[in-house]
Amino acid sequence: MSFPLLTATAAVPAVGAILTAAVPAARRTAAKWLALLVSLATLVLAGIVFARFEPGGDRYQLTESHSWIRDFGVRYELGVDGIGVALIALTALLIPFVILAGWHDADPLETSSKRWRPTQGFFALILMVEAMVILSFEATDVFLFYILFEAMLIPMYFLIGGFGDRAHSGSDENAAAQRSYAAVKFLLYNLVGGLIMLAAVIGLYVVAGNFSLTEIAEARANGSLEMAGSTEKWLFLGFFFAFAVKAPLWPLHTWLPNAMGEATAPVAVLITAVVDKVGTFAMLRFCLGLFPEASKWATPAIVVLALISIVYGALVAVGQRDIKRLVAYASISHFGFIVLGIFAMTSQGQSGATLYMVNHGISTAALMLVAGFLISRRGSRLIADYGGVQKVAPVLAGTFLIGGLATLSLPGLAPFVSEFLVLVGTFARYPVAGIVATTGIVLAALYVLVLYQRTMTGPVKEEVRSMPDLRPRELAVVAPLIALLLFLGVFPKPLTDVVNPAVRHTMSDVQRTDPQPEVPVQNVEAAK
């Protein structure tokens, strides 16, 4: 029996979470180092998964399959394609930086309400989220995926509600109320989506007789499984609704600004750069893989929703006064690009969407974590409370600028490649949608540059005059992320080589081919 590499990649952070939580309360520093070492061990395993994956090989590789709930046909079934491998690598890469950035975010806190936060619990919850997210990218059993999809809400709820941002303008009681509201809103939105998905999962079992993604796909390919058109549409809508909440897609997005605004900066990165990617990943794997005809039927409406997300998110970001909420609305706009690329139904669009998931994770992590360092120094999230920071903390201001330029997809930085592919793929099939989507680029330049101008340039405000520059630990967080943005901006081939074969399989599932470019008749005659 071969070594269960995929199980190990998820089991290491899960076991690490238990061990971290068990560290005595007086050994907070030991708990932090344990969590960091576990995350680095997970990164090594994810690197082995990436190295062992063969882009030209089988669609699902490193597979594992064991009987779990025999009476209902539920199996512990794992396998990764190129898209899953890329997202596992992203998750394992970001968690060590999340832990380092949040090194002091859960230290004991004495306030007027005498509130105390267990440090061990904070880092244990982060590792548990990592384990569940990685396993969800590996699961090829629909029921197993559903369990993970819902279970990851529990640690995220406690991370948002129990370990909120200390930079709050109101009283301790008001801050606690805001955190509680954000956590409950996050939980309720995602639980409603999950319950609707559960009904669709049960319906899929009634129709297909099992939960195996590979067996259902084979049965559809050989004609032994046929779904009525109306049944497939209803099942698709059940799955898609849950994934659109998680993504988040307009108009199901309203939980995200609250959650990111009230969470600590590292937890905000965990939300938008890691957990939310499960939603867009699942659209590719489950919506298009299980319900190809319904996916094509729903495409026009989903493209419209994606365009609204792009423009609305960017417009609202322009008017934000809170730094973290600005990044949250920018992310809503970026997720609109990802969904647009998926449902453009072109290889360029879907490759770009997958790269966008990875690149958005890195760029948002860089921008949000630097913003978190900035906010922790001043104690305020309001843009108006800053000014002239680049004169007193030039390294902080420089890294903030690079993170912002990556967010607006500047050529030479990683997000540009993915956004360009999404737009090219969209133009090829839906030229009007491609034109509308480009407005998101213009608006992104506006909200990023205005944010930088108001916080970093101009006269030095008295409150920031003594602000220290980035410390070595903070540089260790930001520098590798910026290096990755530069590397993948000029050389995305390591990712595209892995992703493109998986995209071809997805295009085959929905029986779509790329539109051929229209060549004028006179040019054809001249060529002859």
Side-chain angles (χ1 to χ4, degrees), residues 4 6-21 35 38-39 42 64 66 68-69 72 74-80 84 87-88 91-92 94-95 98 121-163 182-202 204-205 211 213 238-239 241-248 255-256 259 263 267 270-283 285-286:
L6 297 186
T7 294
T9 307
V12 166
V15 173
I18 297 170
L19 295 176
T20 301
V38 168
S39 69
T42 306
E64 303 172 29
H66 307 282
W68 182 19
I69 309 175
F72 295 100
V74 180
R75 300 184 63 82
Y76 176 80
E77 194 171 83
L78 307 180
V80 287
L87 293 175
I88 289 170
T91 303
L94 290 181
I95 296 301
V98 167
F122 178 76
F123 294 101
L125 289 170
I126 291 174
L127 291 176
M128 189 56 68
V129 171
E130 178 182 25
M132 292 179 180
V133 170
I134 288 175
L135 203 55
S136 69
F137 292 143
E138 298 171 345
T140 55
D141 183 277
V142 178
F143 190 82
L144 174 62
F145 173 83
Y146 171 77
I147 295 296
L148 297 164
F149 186 82
E150 290 289 85
M152 69 180 69
L153 301 179
I154 300 171
M156 287 305 307
Y157 169 81
F158 288 109
L159 283 170
I160 297 168
F163 301 91
V184 170
K185 189 173 184 180
F186 162 82
L187 188 64
L188 289 178
Y189 267 67
N190 284 275
L191 276 179
V192 170
L195 289 173
I196 293 175
M197 180 183 169
L198 177 60
V201 169
I202 295 171
L204 178 66
Y205 177 75
F211 294 105
L213 184 65
F239 277 78
F241 182 87
F243 303 152
V245 172
K246 183 84 79 179
W255 62 267
L256 182 66
V267 173
L270 198 63
I271 295 169
T272 190
V274 176
V275 173
D276 287 355
K277 299 300 188 298
V278 176
T280 47
F281 162 80
M283 290 180 189
R285 174 168 283 191
F286 296 101

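FYI, the numbering just counts along the sequence from 1.
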Does a side-chain heavy-atom distance below 4.5 Å link [X] with [Y]?
{"X": "Ile95", "Y": "Thr42", "answer": "no"}
{"X": "Leu187", "Y": "Trp255", "answer": "no"}
{"X": "Val74", "Y": "Leu144", "answer": "no"}
{"X": "Phe239", "Y": "Val142", "answer": "yes"}
{"X": "Phe281", "Y": "Val133", "answer": "no"}
{"X": "Val245", "Y": "Phe241", "answer": "yes"}
{"X": "Phe145", "Y": "Phe211", "answer": "no"}

Report yes or no: does [X] contribute a side-chain atom to a donor-acceptor pair with the main-chain N or O of [Y] at less than 3.5 Å?
{"X": "Arg285", "Y": "Ala139", "answer": "yes"}
{"X": "Asp141", "Y": "Glu77", "answer": "no"}
{"X": "Glu64", "Y": "Leu6", "answer": "yes"}

Name every donor-acceptor pair, under 3.5 Å, that has one atom in a side chain of residues 146-163 and the other anywhere in the protein, sequence neighbours excluded.
{"unit_1": "Tyr146", "atom_1": "OH", "unit_2": "Gly194", "atom_2": "O", "d": "3.3"}

Nearest 0.5 Å, what's the CG-OG1 distance between Leu270 and Thr91? 9.0 Å
Can you list every side-chain hydrogen bond (donor to acceptor under 3.5 Å, both in side chains) pair that touches residues 182-193, not counting sequence neighbours? Lys185-Asn258, Tyr189-Thr254
Any residue meeting side chain to side chain contact (heavy atoms under 4.5 Å, CB included) with [X], in chain and number order, not counting sequence neighbours:
{"X": "Leu188", "value": "Val184"}
{"X": "Val98", "value": "Ile126, Pro266, Val269"}
{"X": "Leu195", "value": "none"}

Just checking Tyr76 against Trp68, ring centres under 6.0 Å apart? no
Could I get the full list of side-chain hydrogen bond (donor to acceptor under 3.5 Å, both in side chains) partners for Thr20, not counting sequence neighbours? none
